[in-house]
Number of protein chains: 2
Amino acid sequence: MSLQNEVPAKPRKIPVQSRSEATVEAIFEGAIQVLVESGPRYLTTTRVAERAGVSVGTLYQYFANIDGLMVAILERHLRKVIDRVVAICAKQHGQPLSAMTQALTDEFIDAKTERLDVTRALYAVAYDLKGLELIEQLSERSVDAIRDMLTTAPDVAVDAPDQVAAVIHAAMAGVVQIVLGKAGKPTDLHALRYHIRHLVLGYLTSLGPSAR
Amino acid sequence: MSLQNEVPAKPRKIPVQSRSEATVEAIFEGAIQVLVESGPRYLTTTRVAERAGVSVGTLYQYFANIDGLMVAILERHLRKVIDRVVAICAKQHGQPLSAMTQALTDEFIDAKTERLDVTRALYAVAYDLKGLELIEQLSERSVDAIRDMLTTAPDVAVDAPDQVAAVIHAAMAGVVQIVLGKAGKPTDLHALRYHIRHLVLGYLTSLGPSAR
DNA sequence: ACCTGAACACCGTTCAAGT
DNA sequence: ACCTGAACACCGTTCAAGT
């Protein structure tokens with residue numbers, strides 16, 4: 001049939017023997033390698049299977065199709081980043097706005113640059129997948145955490161915290177995506193941290209800093 | 001040979017007869033249609049050729065390969081947006097910072113949303129192409145225009161205007177990309193304009209507004 | 001329970017042949 | 001000068017057959 005199918009997520013089969021756990025892990029590893037070395041256009045079932053040391057048939061036992069594999073890889077990465085954002089937000093409850101901002105933006109950049117090559121490779125994967133409610137669901141968790149943090153700031157009352165949190169998330173993710181997306185130069189992380197911090201903090205104060 | 005080739009740009013042949021001008025136009029049209037209706041994963045030579053009413057061979061007369069076609073489509077779109085940014089920046093020389101900001105951010109969003117479906121379809125195309133010095137070259141024009149505008153602001157002196165202009169460009173492009181990327185809801189453009197304006201203006205003032 | 005690999009439809013690209 | 005479409009290597013996906 002045509003390619004015009006949905007994008008199914010996750011392993012279609014849950015490993016019950018330890019042998020297959022190793023297989024799934026090998027597939028992930030192989031996929032990441034192909035992705036980083038050759039880019040998303042070369043992430044083919046053949047190549048991944050070869051790298052992983054399994055046959056194509058095996059790959060299809062765990063992933064509904066190549067998009068399913070892409071989604072699984074992307075999800076893994078996003079979960080790691082979002083988990084860190086959620087954690088840091090919880091930890092900053094009650095801190096002054098500037099401290100919140102710095103902690104949040106620094107943590108976000110740290111998480112995204114821990115494996116910079118993988119992050120870069122995955123930007124393309126993310127956009128290749130249409131729909132992508134997965135990403136929206138995950139970033140919703142992040143937006144919620146940011147909003148909940150903002151409402152506990154002792155020095156400022158943020159209006160419409162839902163919208164504001166969404167903008168902050170988009171600003172961080174968007175700028176980092178554009179800046180890290182540049183394959184060439186090595187990226188000045190110190191400067192990036194500084195500017196994103198001011199972007200977010202400036203935005204928050206510019207909205208009308210209702211002193212509390 | 002392998003797919004591991006460079007991404008060549010532009011038509012390999014310049015149309016000299018009016019017949020072929022029409023052919024190139026038809027190919028572009030067909031490609032945009034496929035892209036918008038089915039997404040970047042379905043942008044195949046077969047489909048584009050069929051839509052355009054030409055044979056695959058003809059397509060290859062004007063584009064070195066499928067990536068070349070993608071680049072050409074993307075470039076067309078980016079040029080339109082960047083041209084508008086460059087023009088508005090020139091027009092705002094000498095205006096106060098807040099007026100500059102509003103003009104710039106509004107114009108950017110206008111340009112990106114004029115053909116929202118096409119814009120969305122092209123985000124994926126952009127990331128599919130590795131390297132992409134094209135995009136960097138084009139956005140450099142935009143960054144330069146923003147910097148040149150900023151240095152003429154009568155009310156504020158911006159430090160390190162090069163870096164700042166790059167951040168502003170990335171912030172606008174990044175946020176718009178993330179927000180418009182969400183396929184679901186219709187996007188509240190009015191709110192988007194408002195928040196991006198404050199994001200950029202807040203950033204600029206937060207950097208330390210050296211009153212002039 | 002898990003793995004293999006041949007089989008088939010489809011895509012990218014080329015090129016000899018046409019007008 | 002421009003266009004066609006069969007040909008070939010390769011990719012996604014399936015499934016009968018193996019352990």
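Keep in mind that the numbers below use all heavy atoms, side chains included, and drop hydrogens, waters and symmetry copies. By convention in this document, chain letters (A, B, ...) are assigned in the order of the sequence lines, proteins followed by strands, and residues within each chain are numbered from 1.
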Whole-Å distance separating the [atom1] atom of [X] from the [atom2] atom of [N]:
X	N	atom1	atom2	result
Asn65(B)	dC15(C)	CG	P	14 Å
Leu69(A)	dC11(D)	CG	P	15 Å
Glu21(A)	dA1(C)	CD	P	15 Å
Glu50(B)	dC10(C)	CD	C1'	13 Å
Phe63(A)	dT13(D)	CZ	P	13 Å
Ile66(A)	dG12(D)	CD1	C1'	8 Å
Ile27(B)	dC2(D)	CD1	P	12 Å
Tyr42(B)	dG12(C)	OH	C1'	18 Å

Is any NZ, NE, NH1 or NH2 atom of the basic residue among [X] and [Y] found under 4.0 Å from an Asp or Glu carboxylate oxygen of the other?
X	Y	value
Glu114(A)	Arg84(A)	yes
Lys80(A)	Asp83(A)	no
Glu107(B)	Arg197(B)	no
Asp117(B)	Arg120(B)	no

Cation-pi check, Arg47(A) onto Tyr42(A) ring (under 6.0 Å, within 45° of axis):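 No, Arg47(A) and Tyr42(A) do not form such a contact.
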
Under-4.0 Å side-chain N/O to phosphate OP1/OP2 contact, Thr45(A) with dC11(D):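 Answer no for this pair, as no side-chain N or O of Thr45(A) is under 4.0 Å from OP1 or OP2.
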
Tyr60(B) side chain near dT14(C) phosphate (N/O to OP1/OP2, under 4.0 Å):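 Looking at the OP1 and OP2 atoms of dT14(C), neither is under 4.0 Å from any side-chain N or O of Tyr60(B).
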
Aromatic contact, [X] with [Y] (centres under 6.0 Å):
X	Y	result
His198(B)	Tyr194(B)	yes
Phe28(A)	Phe63(A)	yes
Tyr123(A)	Tyr123(B)	no

For DNA chain D, stems built from three or more consecutive Watson-Crick or G-U wobble pairs below 3.5 Å: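 Looking at DNA chain D, the stems formed by three or more consecutive pairs are C:4-8 with D:12-16, C:12-16 with D:4-8.
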
Short N/O separations, protein against nucleotides 3-5 of chain D, under 3.5 angstrom:
| unit_1 | atom_1 | unit_2 | atom_2 | d |
| --- | --- | --- | --- | --- |
| dC3(D) | OP1 | Thr23(B) | OG1 | 2.3 |
| dC3(D) | OP2 | Tyr62(B) | OH | 2.9 |
| dT4(D) | OP2 | Ser55(B) | N | 2.8 |
| dT4(D) | OP2 | Ser55(B) | OG | 3.4 |
| dT4(D) | OP2 | Thr58(B) | OG1 | 2.8 |
| dG5(D) | O6 | Gly57(B) | N | 3.4 |

Ile27(A) versus Tyr62(A), closest heavy-atom pair with distance: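 Result for this residue pair: CD1-CD1, 4.4 Å.
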
